[in-house]
Each structure stands twice: as structure tokens, then as C-alpha cells.
Amino acid sequence: MDTSEGVEVTMNTMSPDKIASIKARVASDYRNLDSREPDYAFSSEEYAGRRSRLRAELASHGVDTLILSSPDGMCWLHGYESRWHRAHSPVRWMPLQMTALRVSTGEAVHFDVAHHRHLLRLSSVVEELRLGDEDGRPMLDLIVRELSQRGWLKGTVGLELGSHVPNRATSETIEAAFASQGSTIVDATTMVRAARKIKSVAEIEALEEAARICDFGLEFMRHEMRPGMTERQAWGALVRGMAEAGGGPAALHESVVVGPIELGHAYSSDRVIKRGDVLCADPSGVYKNYHANIERWYVVGEDPSDALLDLAAVEAKAFEILCSQAAHGTRVQDVTDRIQEHLTENGLWGLHNWNGGYEMGLSFPPDWVGEWTFTVGEQTNDLFETGTVTNYESIVLYPMIDTVVFGESGARTLSQLPLNVLRAG
């Protein structure tokens, strides 16, 4: 009884029968969870092909053991998905969820907290799990002990130093612990991303579905749009539409804002949308964590002016140039130079914003921007390759964006929406 505030508190004790009933319910629920069948995003053959490509890339750089820590990297390799990776958690909760891959044999072991046992069983095809009941240093000691006993910490060990997981403090602690066992540490970030650059048939199918979801959400928002709504309400309609089409959460906030590209990285606000406003919607549709970025801009409550239609036509022409000329083995700059000429001929070079593309694929927060990029006006010796997937951003004041798949004879956009400025509401 606590009467410190003058209030009497009585503690009720449950009867043995009620306690037994609760325990029985908990046991039943866990039996049901244990019996649930895994729901792998891709086939075992798909994951085996990914592991083979990754091992070849690592071997070419002399890496003996890879420590995969990025959420997207682990999901790509063996399917594991979790919405919490301790990226910005209390210091004592060290982010130590990681997969170790032995390059010579292809063996993989995943380390994680014990309460992720079911998440791993239901989503991951990894063969071996080592789960820890304790956080912090005891978990790191378990990882070091296990890998040392296997002989995996001798030689060259690659860490994903470009990943936000683990954070810098944890990464340095891991590096020191591995070095004490004889490891030579290298940064394997770009090696992992290089193995993921060329998309498989199954990955492109997932991206196509993500684009369908994105189109549905954009059209749902367009038909729901009314003057007097706020940006945040328009954003809610967009997300609702994508969710109803089967879409998942995106790795970046889906921006819906009034105004030009300078506001393109703003969060949707409570600003009231007025008749005649130009509204820009920049989402990614998401399927199996694969992202297809599609953006259109809209005039709210009235038809676009001739000037806006002319501007949209110039932006759309850049896609036509890209898709018709970016064949496999073509020098990127040969194509981007032609786009630059197009903008110059129409008096818009120098008035344009960023025009270019970045790799799209499997992503988790905080970013959906992949490794490979190209920019109109930039000097480069890169070549377009079949199986590469990027977005393309054709921007003069207002953004027009689509996701593009590059093939043998050219490229194709994934959205079915017209490359134009559209009326909303």
C-alpha cells in the first residue's frame, strides 16, 4: 500500500486459475507461431544466385570473410526483414545484427537477438543462426568467439563501412575486436553494392509490380484531390492508394508538396492547397521492399496552361532520348550529351535542375537511393548495362520522374501514367 500522496493503492493478486489460463494462452500462441509456414520473398534458386554473384565479387578483391550489416544487404542476400536495426537506439543496445559470409565455401551464419527468432525463421533462408540473450559486449563476445573458432577472422575481413548500421561507435568496437583476432579490415561497401547492381528477372518483376502500385497511388490521390485539402491530406490519400494496391512502407517519406523542386525534399505540411496550385507528388511504390520511384506534377482544380504543357513536353522528350539511345554498352555521356543538347536547343539548359538517375532496387529506411548514378552534364566513362535499373529525373522547375529498366537495345519506363503535367481535382 502506498499512501505517499494520500491515496491508497491496492495490489490485486490473480488467482492461480487465472495465471494458469494466461500461461496456457501464451503457450498456445507460440505454438501457432512456431507452426506458421515461412513466406520467403524469392525462391531458393534466386537467393543462391545472389550469393554466388556476391562471392565472386568479394573473391576478386581478396576478401576472405564478409560481415554484412546493412538491412538491405542482409535482405537481398537471404531475405531477412526487420523494421528495427537499432540504428539510433540507446548506446548500450549495440546494433549487432549481422550476417557473416565465408567467401571460399559460401557458408553463412547470422547473428541476432533471441527475440528475432521468429522473424528470421519466417523471412530468411540463412542456414545457421546464433542468437544472443544479452545485449552489448556479451553479444559481441559471442560473435567474436564463434567466428574465431571457425577461423573466419584470419585474413581479410570486409565490413560495410558505408552502411548506417552499425553506427560509428559500434563499428569501431567491432573493427578493434576483429583486428585483435588477426583480421585485416577492408571496406566492402562498394563490393556488396556492385554485386547487386544488375537485377535478375525476379527482381525486375518485383520492380514492375512496385511501379504498378505507385501508379495506382498517384491516380488515387489525383482523383481524391480537392482545393482546400492540405498537403498532408493529399499525402495520406497517396499512401492509402498504394497500400490498397498491395504496397509496403517506403524507405523515404513520400513527399507531396506545392511548389517547385526546391521544396522536393520537404515533408508534406498543413499548407492548404488552392485552386491553380502546382502540386508535386514524389513517392516510390514498394513491393517485396523493391522501390519504383515515379513522380508527376499536377495543376489543382483547373487545366494546365499552355506554358506548363510546353514545359512538360520538354521534360518528357528527355525520356524519349534516354530510352531510345541507352542500349547495352553505350557510353553514358553520349546519351546525356544529347539530352543536354535538347535542353539547350529549347532554351532551358541552365534553368534546369538536376537531370539524371540513381539506382533503384531493394531498400530500407533511411534511403531508397542506390549506388550507381548518372548526371546530365557530367563527364564520365561509364556504360549502360542490361539489367541496370534507375530512376530518371527530368527536372526544369517541376520534377518528372520515372523508373527505367535498361536492356540490350534501349531502355523502358515502368509507369503507365502519361509523361505530362496532369489535372488533379
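Interatomic distance, Asn167 CG to Thr173 OG1, rounded to the nearest 0.5 Å: 8.5 Å.
When only modelled atom types and interatomic distance are considered, Ser255 and Asp282 share no side-chain donor-acceptor pair under 3.5 Å. Between Asp187 and Thr189, the side chains place a donor N or O and an acceptor N or O closer than 3.5 Å (distance only, hydrogens not considered). Of the N and O atoms on the side chains of Gln333 and Thr380, not one donor lies less than 3.5 Å from an acceptor on the other residue.
Annotation for Ala177 and Leu140: closest pair CB-CD2, 4.3 Å, computed over non-hydrogen atoms. Nearest heavy atom pair, residue Ser183 against residue Phe178, reads OG-O, 3.0 Å. Here the closest heavy-atom approach between residue Leu33 and residue Arg121 is recorded as O-NH2, 2.6 Å.
Ion pairing between Glu57 and Arg53 fails under the 4.0 Å rule for side-chain N and carboxylate O. Taking 4.0 Å as the cut-off between side-chain N and carboxylate O, Arg212 and Glu208 do not count as a salt-bridged pair.
Side chain of Thr330 to main chain of Ala326: no donor-acceptor pair is present (N/O by atom type, distance under 3.5 Å, no hydrogens or angles). The closest donor-acceptor contact from the side chain of His110 to the backbone of Met98 lies under 3.5 Å. The closest donor-acceptor contact from the side chain of Arg55 to the backbone of Val103 lies under 3.5 Å. Judged purely by atom type and a 3.5 angstrom limit, Asp367 uses its side chain to pair as donor or acceptor with the backbone of Val369. The main-chain N or O of Trp349 is never found under 3.5 Å from a side-chain atom of Gln340 such that the two would form a donor-acceptor pair. Looking only at distances, no side-chain donor or acceptor of Trp354 sits under 3.5 Å from a matching main-chain atom of Thr375. Looking only at distances, no side-chain donor or acceptor of Thr230 sits under 3.5 Å from a matching main-chain atom of Asp270. Arg130 places no side-chain N or O within 3.5 Å of a backbone atom of Phe111 that could act as its donor or acceptor partner.
A search for side-chain contact (heavy atoms from CB on, under 4.5 Å) contacts involving Ser409 returns nothing, not counting sequence neighbours. Partners of Asp141 according to the side-chain hydrogen bond (donor to acceptor under 3.5 Å, both in side chains) rule, which considers only residues two or more places apart in sequence or in another chain, are Arg137. Residues passing the salt bridge (charged side-chain N to carboxylate O under 4.0 Å, His left out) test with Glu205, sequence neighbours excluded: none. For Asp29, the salt bridge (charged side-chain N to carboxylate O under 4.0 Å, His left out) partners are Arg25, not counting sequence neighbours. Residues satisfying the salt bridge (charged side-chain N to carboxylate O under 4.0 Å, His left out) criterion with Asp402, sequence neighbours excluded, are Arg296. Residues meeting the side-chain hydrogen bond (donor to acceptor under 3.5 Å, both in side chains) test with Glu127, sequence neighbours left out: Arg51. With sequence neighbours excluded, no residue forms a side-chain hydrogen bond (donor to acceptor under 3.5 Å, both in side chains) with Trp93. In this structure, the side-chain hydrogen bond (donor to acceptor under 3.5 Å, both in side chains) partners of Glu244, at least two apart in sequence or on a different chain, are Arg240. Residues that satisfy the salt bridge (charged side-chain N to carboxylate O under 4.0 Å, His left out) test with Glu359, not counting sequence neighbours, are Lys199.
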Side-chain donor/acceptor pairs under 3.5 Å, residues 75-82, sequence neighbours excluded:
unit_1, atom_1, unit_2, atom_2, d
Trp76, NE1, Glu203, OE2, 3.4
His78, ND1, Ser124, OG, 2.7
His78, NE2, Thr99, OG1, 2.8
Tyr80, OH, Gln97, NE2, 3.4
Tyr80, OH, Asp112, OD2, 2.9
Tyr80, OH, His116, ND1, 3.0
Glu81, OE1, Asn289, ND2, 2.6
Ser82, OG, Trp84, N, 3.2
Ser82, OG, Trp84, O, 3.1

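Using a 4.5 Å heavy-atom threshold, the side chains of Trp297 and Ile395 count as separate.
Within the structure, the ring pair (Phe, Tyr, Trp, His ring centres under 6.0 Å) test picks out no pair touching residues 190-226 (sequence neighbours left out). Among pairs with a residue in residues 150-165, those fulfilling side chain to side chain donor-acceptor pair (under 3.5 Å) read Ser70-Glu160, Glu128-Arg150, Glu146-Arg150, at least two apart in sequence or across chains.
Around atom NE2 of His118, more than 12 heavy atoms belonging to other residues, nucleotides or ligands sit under 6.0 Å away.
Ring pair Phe406/Trp372 is perpendicular by interplanar angle, where above 60° counts as perpendicular and below 30° as parallel.
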